[in-house]
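To start, the structure under review is shown below, and the notes come after it.
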Amino acid sequence: MKRIVRKAVFPVAGLGTRFLPATKASPKEMLPIVDKPLIQYAVEEAVAAGVDVMVFITSRTKRAISDHFDKAYELETELANRGKSEILRIVQNIVPPHVTCVYIRQAEALGLGHAVNCARAVIGDEPFAVLLADDMIDDGHTGCLSQMVNVFDEWQCSILGVERIAPSETQSYGIVKANPIQGNIGKLEQIIEKPKPENAPSNLAVVGRYILTPAIFDKLDNVAKGAGGEIQLTDAIAMLLHEEPVLAYEFHGKRYDCGSKLGYLIATVEQGLKHPELSESFKDYLANLDLAQVRT
């Protein structure tokens with residue numbers, strides 16, 4: 001019987017140190033791109049791919065995330081009383097009624113692999129997706145996770161979302177070596193966490209989209225601490241590919257690295273240019289912007 005992907009894990013317990021002081025009291029995943037927080041873009045991508053159980057691996061400082069996806073009685077009542085029906089509709093549909101949100105606390109920040117393993121009790125014996133909200137991916141139509149779910153429907157094995165990067169950037173990513181098997185799909189031969197450029201097997205980098213089989217949990221239980229003294233998901237995947245196929249999928253779409261300040265600013269500008277209410281006026285503003293006057 002074909003397995004389907006209906007659960008997704010969102011590791012959101014990180015400290016967001018690159019965005020301090022903005023993230024001192026507010027989670028980095030709640031930073032807005034125009035008028036929606038980063039985490040909402042990721043959840044919407046998962047919903048579009050058919051996921052109906054969202055598992056957030058969170059921490060005691062991230063209550064704003066659960067509040068965002070919860071019902072807000074006072075706000076909704078106030079909007080209704082003021083006749084702001086369109087805004088009320090938006091607030092009430094942040095997550096569709098059929099979607100379940102589950103929150104699990106990660107007591108210690110022990111790495112991405114540890115965060116994913118925290119979801120084991122909820123995932124059970126099912127394939128599942130992992131989405132990192134820092135990586136915002138816009139393809140203008142299908143959605144990255146939807147593309148990967150379509151691949152999973154055919155191949156029924158773990159899949160990593162990958163893209164080609166500059167060779168000089170390999171130390172910031174998990175890097176894979178894959179043999180092409182069909183179009184933009186390759187079979188994984190090797191995966192290394194943050195290798196130096198001279199040691200990298202390719203320039204194919206794993207970004208924040210995964211579909212994993214439940215076999216990954218046994219690997220996470222047994223993997224040794226890796227880079228940074230953390231439980232690395234990359235190391236567990238390296239163990240997994242010796243026992244079952246793992247695919248690399250070069251997705252269609254543009255990735256914004258919103259974990260960096262520059263990537264976040266680029267995403268804000270480009271999404272602002274696409275926003276149905278703001279695009280024309282924002283284009284006019286940028287066209288008439290005198291860069292000489294804003295230089296420091």
Side-chain angles (χ1 to χ4, degrees), residues 1-11 29 33 36 38-55 95-96 98-99 112 116 119 123 126-165 173-189 191 202-216 233-234 237 240-241 244-259 263 266-267 270-271 274:
M1 186 173 73
K2 270 195 173 184
R3 298 173 295 175
I4 61 172
V5 179
R6 54 178 295 270
K7 296 178 180 178
V9 176
F10 301 85
E29 296 83 7
I33 301 293
K36 289 191 294 189
L38 278 168
I39 189 64
Q40 187 173 335
Y41 285 94
V43 167
E44 289 177 352
E45 182 182 329
V47 170
V51 172
D52 57 18
V53 179
M54 312 291 172
V55 185
V95 287
H98 72 280
V99 170
L112 178 58
V116 170
I123 300 299
E126 297 183 47
F128 63 101
V130 178
L131 295 93
L132 307 186
D134 282 359
D135 282 327
M136 179 182 173
I137 299 175
D138 180 10
D139 81 333
H141 179 60
T142 311
C144 178
L145 190 61
S146 293
Q147 298 171 40
M148 294 174 65
V149 165
N150 290 337
V151 175
F152 180 83
D153 287 344
E154 179 179 355
W155 295 88
Q156 294 286 292
C157 63
S158 295
I159 305 164
L160 313 182
V162 299
E163 73 172 1
R164 297 190 182 274
I165 60 167
Y173 298 88
I175 303 296
V176 305
K177 179 181 180 182
N179 283 331
I181 55 176
Q182 177 182 306
N184 51 351
I185 301 171
K187 184 178 180 183
L188 230 67
E189 284 194 347
I191 181 169
S202 75
N203 68 332
L204 270 181
V206 181
V207 300
R209 297 297 184 274
Y210 308 76
I211 293 177
L212 300 169
T213 65
I216 194 67
L233 182 59
T234 297
I237 293 169
L240 181 66
L241 65 85
E244 60 180 55
V246 178
L247 302 182
Y249 175 72
E250 291 189 65
F251 58 87
H252 301 286
K254 180 169 184 177
R255 178 181 69 96
Y256 300 95
D257 178 11
C258 294
I266 292 171
E270 295 193 8
Q271 292 303 307
K274 295 181 179 183

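Position 1 is the first residue of the sequence; numbering continues from there. Quantities reported herein were computed from a predicted structural model and do not represent experimental measurements.
Sorted pairs that involve residues 148-157 and meet side chain to side chain donor-acceptor pair (under 3.5 Å), not counting sequence neighbours, are lacking altogether.
Every side chain to side chain contact (heavy atoms under 4.5 Å, CB included) that Glu250 has, sequence neighbours left out, goes to Val162, Arg164, Asn184, Leu204. Ala49 pairs by the side chain to side chain contact (heavy atoms under 4.5 Å, CB included) definition with Leu145, Ser146, Val149, not counting sequence neighbours.
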Fill in: Residues Met54, Val95; criterion side chain to side chain contact (heavy atoms under 4.5 Å, CB included); working and verdict
CA-CA 10 Å; Met54 312 291 172; Val95 287; 5.8 Å; no
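Considering OG1 of Thr234 and CG of Leu112, their distance stands at 7.5 Å, rounded to 0.5 Å. Ile137 CD1 to His252 NE2: the interatomic distance, rounded to the nearest 0.5 Å, is 12.5 Å. In this structure, the separation between CD1 on Ile159 and CD1 on Ile185 is 7.5 Å, given to the nearest 0.5 Å. One distance of note links CE of Met136 with CD1 of Ile266; it measures 12.5 Å at 0.5 Å rounding. Residue Leu212 holds its CG atom at 9.5 Å from CD1 of Ile123, rounded to the nearest 0.5 Å. With rounding to the nearest 0.5 angstrom, the CG atom of Asp52 is 8.0 Å from the CD1 atom of Ile4.
Using a 4.5 Å heavy-atom threshold, the side chains of Ile33 and Cys258 count as touching. Put simply, the side chain of Asp139 does not reach to within 4.5 Å of the side chain of Cys144, judged on heavy atoms. Side-chain contact between Tyr249 and Ile211: absent, with no pair of heavy atoms (C-beta onward) separated by less than 4.5 Å. Taking 4.5 Å as the limit, some side-chain heavy atom of Ile237 sits within range of a side-chain heavy atom of Tyr210. Counting only heavy atoms from C-beta outward, the side chains of Val53 and Phe128 never approach each other to under 4.5 Å.
The two residues Ser202 and Ile175 have their closest heavy-atom pair at O-CG2, 3.2 Å. Taking every heavy atom of both residues into account, Phe152 and Cys157 meet most closely at CD1-O, 3.1 Å. Of all the heavy atoms in Val47 and Pro96, the pair that sits closest is CG1-CG, 3.9 Å. Across Ala129 and Val5, no two heavy atoms sit closer than the pair N-CG1, 3.9 Å. Between Glu126 and Pro214, the closest heavy-atom pair is O-CD, 3.4 Å. Heavy-atom minimum distance, Phe10 versus Ala46: CZ-CB, 4.0 Å.
Checked by atom type, the side-chain pair Tyr41/Gln271 shows no donor-acceptor distance below 3.5 Å.
Dense packing is recorded around NZ of Lys36, with more than 12 heavy atoms of other residues, nucleotides or ligands lying under 6.0 Å away.
Distance alone, capped at 3.5 Å, is enough to place a donor-acceptor pair between the Ser158 side chain and the Thr213 backbone. Put simply, the side chain of Asp138 never gets that close to the backbone of Lys254: no donor and acceptor are under 3.5 Å apart. At least one donor-acceptor pair closer than 3.5 Å links the side chain of Arg209 to the backbone N or O of Asp135.
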